[in-house]
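This structure is a prediction, so every number in the text was calculated from the model and none was measured.
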Amino acid sequence: MIGAVHIGLLAACVVLFVPMAMAGWHLSRNKMLFFSCALFITLAVGVHLMPYFPSISDFLSPSEVISLSSPSNRDSCVSFLHSVVYSDDDDVVKECEIGCGKRLGWDWVGSGRVAGCEFQKLMRSDASDLLNGSWVVVAGDSQARLMAVSLLELVMGNEAMERIRGDLFKRHSDYSITVDEIGMKLDFFWAPYVGNLTELVLQLRRSRNIPDVMVVGAGLWDMLHVNNASEYGSELRVLRDNSLTLLPVSSNLDGGNSKPAPRFLHLFWVGMPMLITTMLNTDEKREKMTTVIYDSYEDELTTSKIWRESGGPFFKLDVRLLSELCGPRCTSDGMHYDGVVYDATVQIMLNALLIESNQKLE
């Protein structure tokens, strides 16, 4: 870099002073023409040297300053999205629905590189602005349903959410709602097996009606009712290949060096939660959903390369990590966790959307 600057400066001197000297020799009787030529040459040299001085370029590019930060810095923050901590929240009076007696609070780690990323907890108005006019599809098992609950609770408020909670939690059923205030439509599809998710993807592709955001996840039902990790892995690869056909455009979260372009669809994968075998509420679950079997299913998820970090279509929402951090205090059945875990997951997803679209909340 230093060599390039020296060569550039040497070339600048030659390009600048030689013509100026010649101009001064021939145009000494016409000072106006002489200074016009000198100014033109100086500006031309300045333009050619601009790339060698990033600070000058930044100064003349206010759009770079207004954004969250440079795209490269934002992309590097993706790996810190799951760096959260839980704590007792004395300001929250809402009772836990599943595990602990008092709901915990959560936040991102407030030090080091995580703090530098300036992740933001979106309030109702913020989430409404981000998802305004969007079509969101959530599909999967009970973990995906809990994600839908947290997202709707955020954009609708607790009171409105309570009015529809019974309909949303009808056993093994689909659910659809439009939040009229912001024009956001959310469709939940009960799809407990990976094969169900593949069928949904194929249906969307045939209809050519693609949502803006798609949040999916499956594994627990397969583990309980099929209990065959290798078959689960094969189904994941079929889902991966079919989902990739919906994504012809790259994005900021792809991790590549190419210039990102807008995406038509944002895909998220809801990971399986940490299972606490001793707390599972049936003998069948305790027998089939052991730590060894759980790990074999997690291995299939990794080797299937379904996640964006390995070239797949889905951004990973690491519910396993988030539930493990919360621990036994946040679950009563060793499988379904308190709302704080899914609230954190939703906020991670929304911050990933902000990064992808290179936006920042004011």
Side-chain angles (χ1 to χ4, degrees), residues 131 133-152 155 164 167-179 184-226 228-229 231-249 251 253 263-273 297 300-301 304-308 310-319 336 342 345-346 349-350 352-353 356:
L131 298 174
S134 298
W135 178 23
V136 180
V137 168
V138 183
D141 54 20
S142 57
Q143 299 297 312
R145 195 186 296 272
L146 289 169
M147 282 286 294
V149 170
S150 285
L151 180 58
L152 287 174
V155 297
I164 67 168
D167 294 330
L168 182 55
F169 271 94
K170 284 182 179 177
R171 186 173 177 82
H172 305 164
S173 62
D174 299 341
Y175 182 77
S176 181
I177 186 173
T178 298
V179 184
M184 184 196 84
K185 180 183 179 183
L186 184 142
D187 286 315
F188 172 79
F189 296 97
W190 172 250
Y193 297 107
V194 174
N196 300 141
L197 297 176
T198 302
E199 291 174 6
L200 177 60
V201 168
L202 292 174
Q203 178 182 340
L204 292 171
R205 189 172 67 185
R206 285 192 297 267
S207 69
R208 297 186 179 180
N209 191 17
I210 308 300
D212 300 290
V213 179
M214 193 167 178
V215 186
V216 305
L220 295 179
W221 264 62
D222 194 288
M223 194 184 306
L224 179 62
H225 298 292
V226 180
N228 188 322
E231 183 178 323
Y232 176 70
S234 298
E235 293 285 350
L236 286 171
R237 284 181 275 277
V238 174
L239 174 63
R240 176 202 64 198
D241 294 342
N242 282 282
S243 299
L244 282 170
T245 63
L246 301 178
L247 304 176
V249 186
S251 75
L253 296 181
R263 286 168 52 88
F264 299 118
L265 169 64
H266 307 277
L267 279 172
F268 294 90
W269 181 269
V270 182
M272 293 184 292
Y297 271 70
E300 290 295 335
L301 276 165
S304 70
K305 296 184 178 180
I306 199 169
W307 295 324
R308 297 279 286 276
S310 56
F314 293 96
F315 180 83
K316 178 183 178 183
L317 298 172
D318 197 344
V319 178
H336 303 96
Y342 306 100
T345 309
V346 165
M349 180 184 75
L350 296 178
L353 286 173
E356 176 142 307

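- Across Leu244 and Gly311, no two heavy atoms sit closer than the pair CD2-O, 4.3 Å.
- Here CD1 of Ile306 is found 11.5 Å from CD of Glu300. Values are rounded to the nearest 0.5 Å.
- Using modelled atom types, one side-chain atom of Asn196 and one backbone atom of Tyr193 make a donor-acceptor pair closer than 3.5 Å.
- Side chains of Phe314 and Val216 form a contact here, defined as non-hydrogen atoms less than 4.5 Å apart.
- Within the 4.5 Å cutoff, the side chain of Met214 has heavy atoms near those of the Leu200 side chain.
- Across every non-hydrogen atom of Leu186 and Ala148, the tightest pair is CD2-CB, 4.4 Å.
- In this structure, Ser304 contributes its side chain and Leu301 its backbone to a donor-acceptor pair below 3.5 Å.
- For the pair Ala352 and Phe268, the tightest heavy-atom approach, listed with the atom from each and the gap, is CB-CE2, 3.9 Å.
- Closest non-hydrogen pair, Asp141 versus Ala218, comes out as OD2-CA, 3.9 Å.
- Expressed to the nearest 0.5 Å, how far OG of Ser234 lies from CG of Asn228 amounts to 8.5 Å.
- The structure places CD1 of Ile164 at 3.5 Å from CD1 of Ile177, a figure rounded to the nearest 0.5 Å.
- Separating the CE atom in Met349 from the CE atom in Met147 is a distance of 5.0 Å, to the nearest 0.5 Å.
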Practice task
List the steps, then state whether side chain to side chain contact (heavy atoms under 4.5 Å, CB included) holds for Arg237 with Lys305.
Solution key: CA-CA 8 Å; Arg237 284 181 275 277; Lys305 296 184 178 180; over 6 Å; no
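- Rounded to the nearest 0.5 Å, atoms CE (Met223) and CE (Met272) are 4.0 Å apart.
- Side-chain contact between Leu197 and Val201 is absent, with no heavy-atom pair separated by less than 4.5 Å.
- Val137 is not listed as a side-chain neighbour of Phe188, based on a closest heavy-atom distance of 4.5 Å or more.
- Looking at heavy atoms from C-beta onward, Tyr232 lies in side-chain contact with Leu236 at the 4.5 angstrom threshold.
- Using a 4.5 Å cut-off on side-chain heavy atoms (C-beta onward), Asn242 and Leu202 make contact.
- When all heavy atoms of Ser134 and Asp212 are compared, the closest pair comes out as CA-OD2, 3.3 Å.
- The shortest side-chain heavy-atom distance between Trp269 and Leu317 does not fall under the 4.5 Å cut-off.
- When all heavy atoms of Leu267 and Ser243 are compared, the closest pair comes out as CD1-CB, 4.2 Å.
- With rounding to the nearest 0.5 angstrom, the OG1 atom of Thr345 is 11.5 Å from the CG atom of Leu151.
- Ring planes of Trp190 and His172: parallel class, angle under 30° (limits at 30 and 60°).
- Checked against side chain to side chain donor-acceptor pair (under 3.5 Å), Trp307 has no partners two or more places apart in sequence or in another chain.
- For the residue pair Asp187/Tyr175, the side-chain donor-acceptor check at 3.5 Å is not satisfied.
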Practice task
Start with the C-alpha gap between Leu152 and Met184, add the side-chain angles, then the distance that decides, and say whether side chain to side chain contact (heavy atoms under 4.5 Å, CB included) holds.
Solution key: CA-CA 10 Å; Leu152 287 174; Met184 184 196 84; 4.2 Å; yes
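- At a threshold of 4.5 Å between non-hydrogen side-chain atoms, the residues Asp222 and Tyr297 count as touching.
- Taking the salt bridge (Lys or Arg N to Asp or Glu O under 4.0 Å) definition, one finds that Arg205 meets it with nothing, sequence neighbours left out.
- A salt bridge is absent between Glu235 and Arg240; no separation between the charged side-chain nitrogens and carboxylate oxygens falls under 4.0 Å.
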Problem - Worked verdict on Glu356 versus His266 for side chain to side chain contact (heavy atoms under 4.5 Å, CB included) - result: CA-CA 9 Å; Glu356 176 142 307; His266 307 277; 2.3 Å; yes
